[in-house]
Amino acid sequence: MRENMEWNYGLYPGQRAFPWLYPYGNQMNYWNLWNAPEQMEDEMDTKRLRELYPLMARRLQPYVEEVCTRLEYPGSMMYDEYPDQLSLLRKAKEVWEGARAGEDFGEKEPAWEQLQDLIGVLLLQEMMRRRKRNRGRFWGMG
């Protein structure tokens, strides 16, 4: 019997064989977008505009998305009507710690104080995008 990795033709776990087939994530996400063409257009616009981000913002964006993904549950502070400043600062610090662990900045590693505002803006922008996308799904609960 063959090993699982042998059937994947050298792909690492989680890597899709045909990434162009579902450019917006997994198949279920694609079906949801297919049923809402305006949402698919928004996702495409977001993807195109993120390609224009400065280098540091592009490097930090995956860590911002990771933190926001962990915040996507009913009752999360992301869906609060008025999120508090301290929680946002903690999440921004969490993004920075993840980026420091996952990226190799070398000798030119910026200080937290230099990136605090950039991470905060990226975090707020991603939270706003997800709030808009999930409006009605988590809001009105509780």
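Hydrogens, waters and symmetry mates play no part in the numbers below; they use all other heavy atoms, side chains included. Remember, it's a predicted structure, so these values are computed and weren't measured experimentally.
Under 4.0 Å is where a charged nitrogen must lie from a carboxylate oxygen, and between Arg70 and Glu66 at least one such pair does. Here Arg129 does not pair with Glu65 in a salt bridge; the nearest charged N to carboxylate O distance is not below 4.0 Å. Contact check on Glu51 versus Arg48 returns no salt bridge, with no Lys/Arg side-chain nitrogen under 4.0 Å from an Asp/Glu carboxylate oxygen. Ion pairing between Glu126 and Arg130 holds under the 4.0 Å rule for side-chain N and carboxylate O.
Note: Glu94 CD to Leu71 CG = 7.5 Å, rounded to the nearest 0.5 Å. Taking CD from Glu97 and CH2 from Trp112, the interatomic distance works out to 8.5 Å, rounded to the nearest 0.5 Å. The CG atom of Asn134 lies 13.5 Å from the OH atom of Tyr73; values are rounded to the nearest 0.5 Å.
Residues Pro110 and Leu115 share a closest heavy-atom pair of CG-CD1, 3.4 Å. Closest approach of Cys68 to Met127, counting heavy atoms only: SG-CG, 3.8 Å. Taking every heavy atom of both residues into account, Leu122 and Leu60 meet most closely at CD1-CB, 4.0 Å.
One N or O on the side chain of Arg131 and one on the backbone of Asp80 form a donor-acceptor pair closer than 3.5 Å.
Under the 4.5 Å side-chain heavy-atom criterion for ILVMFWY residues, a single connected hydrophobic cluster contains both Leu123 and Leu89. Placement of Met78 and Met128 in two distinct hydrophobic clusters is found when ILVMFWY residues are connected by side-chain heavy-atom separations under 4.5 Å, directly or transitively. Tracing side-chain contacts under 4.5 Å through hydrophobic residues (I, L, V, M, F, W, Y), one never reaches Val67 starting from Val121; they form parts of separate clusters.
When each of Lys108, Arg59, Arg58 is paired with Glu103, the salt bridge (Lys or Arg N to Asp or Glu O under 4.0 Å) condition holds for Arg59 and for no other.
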Exercise. Start with the C-alpha gap between Met77 and Leu88, add the side-chain angles, then the distance that decides, and say whether side-chain contact (heavy atoms from CB on, under 4.5 Å) holds.
Key: CA-CA 9 Å; Met77 57 89 57; Leu88 291 171; 3.9 Å; yes
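Using a 4.5 Å cut-off on side-chain heavy atoms (C-beta onward), Tyr63 and Ile119 make no contact. Under the 4.5 Å side-chain criterion, counting only non-hydrogen atoms from C-beta, Glu72 is in contact with Tyr79.
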